[in-house]
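What follows is a short report on a single structure.
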Amino acid sequence: MVGGHPPFFLKGKNDGGDFPNQFVDNGDGTVTDDTTGLMWEQGVSPKRLVYKKARAYVKERNRKRYLGYTDWRMPTLEELCSLLEPRPNASGAY
């Protein structure tokens with residue numbers, strides 16, 4: 001479980017594939033998703049990061065104790081999918 005919530009992709013838990021995320025602005029550069037219980041950093045980077053560079057970014061955040069936390073991590077595939085729209089945007093990305 002993540003923050004007291006069941007895994008997103010358990011059979012029969014989310015057949016429609018839609019995630020009604022409810023974001024709360026924490027006022028410190030983060031938002032908390034009340035649906036998943038996860039905290040996300042706002043406005044991270046305007047450019048795309050390959051996985052290796054994204055992992056290095058997270059590692060640096062932990063080293064510098066960003067916002068007082070040292071447990072920043074990359075989202076799991078399930079967590080990341082909870083943020084995606086179920087249809088492509090103008091550039092073809094989801």
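Scope of the values below: all heavy atoms of this structure, side chains included, with no hydrogens, waters or symmetry mates.
Hydrophobic clustering (ILVMFWY, side-chain heavy atoms < 4.5 Å, transitive): Val50 and Leu77 are in distinct clusters. In the hydrophobic clustering of this structure, Val24 does not group with Trp40; members are Ile, Leu, Val, Met, Phe, Trp, Tyr whose side-chain heavy atoms approach within less than 4.5 Å, directly or through other members.
The only member of Asp33, Leu67, Thr30 that meets side chain to side chain contact (heavy atoms under 4.5 Å, CB included) when paired with Met39 is Thr30.
Considering OG1 of Thr32 and CG of Leu38, their distance stands at 9.0 Å, rounded to 0.5 Å.
Formation of a donor-acceptor pair under 3.5 Å by the Asp25 side chain with backbone atoms of Val31 is not found in this model.
Looking at Glu41 and Tyr57, their side chains do bring a donor and an acceptor atom within 3.5 Å of each other.
With sequence neighbours excluded, no residue satisfies salt bridge (Lys or Arg N to Asp or Glu O under 4.0 Å) with Arg65.
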